[in-house]
Amino acid sequence: MKRWLILAFAGLSALITACSSPSEDEPSAVVKEEARDVEWRLHGNDWGETRFSALSRINRETISELGLSWYYDLPTKRGVEATPLMVNGTLYVSGSWSLVYALDAVTGEERWVFDPQVDKAFLAKGCCDAVNRGVAYLDGRVYVGAYDGRLIAIDAETGDKVWDVQTTDREQSYTISGAPVVAGDKIIIGNGGAELGVRGYVTAYDAATGEQAWRFYTVPGNPADGFENDVMKMAAETWTGEWWKWGGGGTAWDSLVYDAELDLVYIGVGNGSPWNQALRSPDGGDNLFLASIVALRASTGEYVWHYQTTPGETWDFTATQHIMLAEIEIDGAARKVLMQAPKNGYYYVIDRLTGQLISAEAYTDMNWSTGVDLETGRPIEAPDARLFDGKKPVLPSMGGGHNWPPMSFNPDTGLVYIPTMNFPASYKDTTDPLYAEPDQGRWNLGFDTMAAAPPKVSDKEIDAMLAATYTGTLVAWDPVAQKARWSVSTGRPSSGGTLTTAGGLVFQGAGNGHLTAYDAATGEALWSSDTQTGAMAAPITYAIDGEQYVAIAVGFGGGFGAQGGVIAHGWHVPNVSRVLVFKLGAKSQLPPLPEVDLAMPEPADKVSADAAAIDRGQMLYQRHCSYCHGDGLRTGGLNPDLRRSSRGIHKLWQEIVRDGVLSSLGMVGFADYLSEADAEAIRQYVLSEAHRVYGLENPDSER
Ligand code: CA
């Protein structure tokens, strides 16, 4: 018996078909379904964002015949996180630097490429690479949020810009990586930057003209300036101190979902800025609407309800993760629910008419909380939850039990497929003025990031240690019973978004360079393909002339590729980012990857500083550089491994680090924050580490 019903929203015809058919005893339904073209028109395929497809020609029995039909090389080398859309025979994919590609969905032939010409200096204004998670489509136009804060409408036929609007202050550290959402005749977009001192908000624009319809801030501003509305006044009562000097955070950088039935838009709100609540709001408070789901009236932007997952957020526990809508039978009654697996480790089922919590259980390992009080809706914090000594392991980590890679829901199995991550983090309170002063415009967490510096052993030893403690798991979650039905290990934590189909399959990519199809009922791996680079984005499926295709955009990067060097997969070469499209019986091959020399080269200069200066250099590096170049100089492969710096780089060190001569490549100048002596101390630390690692790899060298 199916306990699940899918919403009967307009545009959900494919899903409704999935609920009633096809099945083994209704072959005619299969034929009927597959005889027509089936698009993937919305980010999550349907208004409920379930990422389920009724297509079933590729299924448990035929999956072994699935092969590469065509591929398209993206001209950029950074991370790719986009869910493609397939509308009217064209695949619309966004890549790094917010480029949009229109490709023939059958042949891969390029129809047009739109380059918004984002200033590369914006790289340092964001936390996690110049990625883009997808476009929106409405009435012959494609909408993309550009990394520099613009919302752009593009003609879907020609690729020409129709209009664009700057949605942010370019002087502040706002970026856009999320997909816009279509809400009736409006396009809604959020932004990111809560690690760099901004105040979050979402804005709705008229889809036809780009004219602003409404804006909703997610955290209150300075009370002395007056509040935008009564809701901000209410929210301000949950803050203390002078939070506005830090921006406050609460950026809505990913999940925005439009509920056409209720005229609501649900916003997933992010972490505080800075992370450390003791600095941000020193006398505590819930700090609304951090780490909350906020429901707004889509037509007006008025506040309707909110549910806060993590009151007094301090761990970077965003609630920006994928929000899914469904109708679910609970205790015999059909309930309109919203579901989310945010970073904090709980799977939430919430009544979406009222925001009332229905149930919440841990979908991953956690030690910060012992449960959720269903009366108050509040998590019960562990006694040492806010002990930040730099030693105690905290689960989930700031990366979250689940991050942006989308989950999916299959009505046939009643299961939600969640890409989860299991690894600990430690947080360290700081009294060092390097971290403590209110600041905007640069990375500032309010915690001492020395706690994240790995031990000084060989890279191989670190890899071995992390292989055991940094893992990813695909979890098949029963949201009614609130428990896992099966789970499979996916190696390192950087596993990708999921797609599930009426063929009884779950597709998922992984950072280790594979796209895998699992049996949706059991988790058995049935098929896998080498993607030659990390596959983080969610796959989609569509049908044209009865042929079913599976498409995925691949390219390692994002947060994993930047500061996530601890989970690197050895993608030291620049990525070959691509769009890969598969169909039954196809036999195309990717060209072989070039050979890569992963050995540490002989360092280009000698160490001349003493141990104290090198230690200071390490501290400064962790404070200012690690978020792009990796903790302990272990880059994820995306940005340069500074230990491999050439003689020329060492000679130009001051000009690069302080004056920003490489800002056109994204390396901005830090003269406002680092003295010449500071920059040299960082260089000496880099050199000392280069010599140490080179010596470990070359024990016979005269060093
Ligand atoms: Ca964050």
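Indexing begins at 1, ligand by ligand and atom by atom, following the structure's order.
- Among heteroatoms of the N, O or S kind in Asp316, OD1 lies nearest the Ca ion (ligand 1).
- Within Glu195, OE2 is the N, O or S atom that lies nearest to the Ca ion (ligand 1).
- Between Tyr427 and Phe447, the ring centre distance stays below 6.0 Å.
- Among residues at least two apart or in separate chains, salt bridge (Lys or Arg N to Asp or Glu O under 4.0 Å) pairs with a member in residues 312-323 are Asp316-Lys343.
- Every residue meeting the salt bridge (charged side-chain N to carboxylate O under 4.0 Å, His left out) condition with Lys428, not counting sequence neighbours, appears here in chain and number order: Asp448.
- Taking backbone and side chain together, Thr320 holds no N, O or S atom under 3.0 Å from the Ca ion (ligand 1).
- Looking only at atom types and distance, the side chain of Asn132 has no donor-acceptor partner in the side chain of Tyr147 under 3.5 Å away.
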